[in-house]
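In what follows, every chain begins at residue 1, and chains take the letters A, B, ... in the order their sequences are listed. Keep in mind it's a predicted model, so treat the numbers as computed, not measured.
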Amino acid sequence: MVSARPLARSFFARDPRQVARSLLGKVLVRGAGTRLRVGRIVEVEAYLGAADAAAHAAAGETTRNAVLFGPPGHAYVYLSYGLHYCLNVSCMPSGDAGCVLFRALEPVAGIKQMARSREIELAAADVRDPQILRRLASGPARLCQALEITRPRDNGGDMTAPKSGLWIGDDGFRAENIVTALRVGITKSAELPLRYYLAGNEFVSRR
DNA sequence: GAGGAGATCGTCT
DNA sequence: GACGATCTCCTCT
């Protein structure tokens, strides 16, 4: 089991582009005690708030996106296409409602639990099968399924506090060779290069 | 391996 | 009443 320390709130009180790059290589931790599920963050996207037409915050504050307008470092979870949840963390560039979307994780611990949540049959021999591991959390909706992240349960939670049950930690891993690319699945402001991932990483959702 | 369609519902117009 | 920051399955090549 890795030991990780939570990130400070000030980490998130920056421009979402800086936060996004800095988050690569950190670990997303679900749960408490010994039943932890841990994934390394390998792919994220930045959303800039009012200046970014693709951002949920662009049209102003509503009950849905209220978390984005609150303090940085909190979880913003929303339902996409009526089926899937997606996880963001709020940032605060000069009072604006920016955020970072988590797009893919590399499973580190609690792999069998993740598979169960994803309804993937996993024999002991499969735990190291890269084909199967890749299906666990490579995609924003998949990682929410794998960690059982939902809006009723996790929206607004404090991602700097382990006691919230969903937090981000630094285990000493240092990201190198970060690739910048276009964001996935949006139509507005699609030309902005705000997606970041670890070069050559197997668990990135799209290359 | 690539491409297309369907699933499904909260939120905003 | 329309529309998604998606995933999976199916078909075709």
Which whole-number value in Å describes the distance from A:Ile186 CD1 to C:dA5 P? 8 Å
Extract all donor-acceptor atom pairs below 3.5 Å that involve side chains of residues 44-63 of chain A and protein atoms in other chains or at least two apart in sequence.
{"from": "A:Glu45", "atom 1": "OE1", "to": "A:Tyr47", "atom 2": "OH", "distance (Å)": "2.7"}
{"from": "A:Glu45", "atom 1": "OE2", "to": "A:Val184", "atom 2": "N", "distance (Å)": "2.9"}
{"from": "A:Asp52", "atom 1": "OD1", "to": "A:Ala54", "atom 2": "N", "distance (Å)": "3.1"}
{"from": "A:Asp52", "atom 1": "OD1", "to": "A:Arg183", "atom 2": "NH2", "distance (Å)": "3.1"}
{"from": "A:Asp52", "atom 1": "OD2", "to": "A:Leu48", "atom 2": "N", "distance (Å)": "3.1"}
{"from": "A:Asp52", "atom 1": "OD2", "to": "A:Arg183", "atom 2": "NH1", "distance (Å)": "2.7"}
{"from": "A:His56", "atom 1": "ND1", "to": "A:Tyr76", "atom 2": "OH", "distance (Å)": "2.8"}
{"from": "A:Thr62", "atom 1": "OG1", "to": "A:Arg64", "atom 2": "N", "distance (Å)": "3.3"}
{"from": "A:Thr62", "atom 1": "OG1", "to": "A:Asn65", "atom 2": "N", "distance (Å)": "3.4"}
{"from": "A:Thr62", "atom 1": "OG1", "to": "A:Asn65", "atom 2": "OD1", "distance (Å)": "3.4"}

Whole angstroms only, please: what is the CZ-C1' distance between A:Phe102 and C:dT6? 18 Å
For DNA chain C, determine which residues of residues 144-154 of chain A have any heavy atom closer than 4.0 angstrom to one of its atoms, and list them numerically. none
Could you give the CD1-to-C1' distance, from A:Ile132 to C:dT8, as a whole number of Å? 16 Å
Assign A:Arg64 to base, sugar-phosphate, or nothing according to its heavy-atom contacts below 4.0 angstrom with the strands shown. sugar-phosphate
Run the salt-bridge test on A:Arg103 and A:Glu43 with the 4.0 Å N-O cut-off and return the result as yes or no. yes
Answer yes or no: is there a side-chain heavy-atom contact under 4.5 Å between A:Asn155 and A:Thr150? no
Begin with the C-alpha distance, continue with both residues' side-chain angles, and end with the deciding distance and a verdict on salt bridge (Lys or Arg N to Asp or Glu O under 4.0 Å) for A:Asp15 and A:Arg21. CA-CA 10 Å; A:Asp15 186 294; A:Arg21 296 180 69 94; over 6 Å; no
Between C:dC7 atom P and A:Leu143 atom CG, what is the distance in whole Å? 9 Å
In whole angstroms, how far is the P atom of C:dG4 from the CG atom of A:Leu101? 17 Å
CD of A:Glu45 versus P of C:dT6: gap in Å, rounded? 8 Å
Taking atom NE2 of A:His74 and atom CE of A:Met159, what is their separation to the nearest 0.5 Å? 10.5 Å
Would you mind reading off the distance between A:Glu43 atom CD and C:dA5 atom C1', rounded to a whole angstrom? 12 Å
Is A:Asp129 salt-bridged to A:Arg134, going by a charged N under 4.0 Å from an acidic O? no
Could you check A:Leu24, A:Ile41, A:Asn177 and say which one makes a side chain to side chain contact (heavy atoms under 4.5 Å, CB included) with A:Leu198? A:Leu24
Can you sort out which residues in residues 188-206 of chain A have a heavy atom within less than 4.0 Å of DNA chain C? Ascending by number, please. none
Hydrophobic cluster (4.5 angstrom, side-chain heavy atoms) - remaining members for A:Leu182: none
Would you mind checking if A:Asp158 and A:Lys163 are paired as a salt bridge, meaning a charged N to carboxylate O distance below 4.0 Å? no
Tell me, do A:Val100 and A:Cys91 make a side-chain contact under 4.5 Å, heavy atoms counted? yes
Under 6.0 Å from the ring centre and within 45 degrees of the ring axis: does the NZ or CZ of A:Arg40 meet both conditions for the six-membered ring of A:Phe173? yes
A:Leu136 CG to C:dC7 P: how many Å, rounded? 13 Å
Within the structure shown, what part of the strands sits under 4.0 Å from A:Ala54 by heavy-atom distance: base, sugar-phosphate, or nothing? base
State yes or no: do A:Phe12 and A:Leu101 share one hydrophobic cluster built from I, L, V, M, F, W and Y residues joined by side-chain heavy-atom distances below 4.5 Å, directly or via other members? no
With pairs taken as Watson-Crick or G-U wobble and both distances under 3.5 angstrom, which stems of at least three consecutive pairs involve DNA chain B? B:1-7 with C:6-12, B:9-12 with C:1-4
Does CD in A:Glu191 sit with more than 12 non-hydrogen atoms of other residues, nucleotides or ligands closer than 6.0 Å? yes
Between which nucleotides of DNA chain B, 5' to 3', does chain A make heavy-atom contacts below 4.0 Å? B:dA7 to B:dC12
Look at all strands and tell whether A:Thr187 reaches a base, only sugar-phosphate, or nothing, counting heavy atoms closer than 4.0 Å. nothing
Students often get this wrong, so: under 4.0 angstrom with heavy atoms, is A:Arg118 touching a base, only sugar-phosphate, or nothing? sugar-phosphate
Closest non-hydrogen atoms of A:Arg37 and A:Ser117, given as atom of the first, atom of the second and distance, are NH1-OG, 2.7 Å
Check whether any side-chain N or O of A:Arg135 sits under 4.0 Å from OP1 or OP2 of C:dC7, and answer yes or no. no
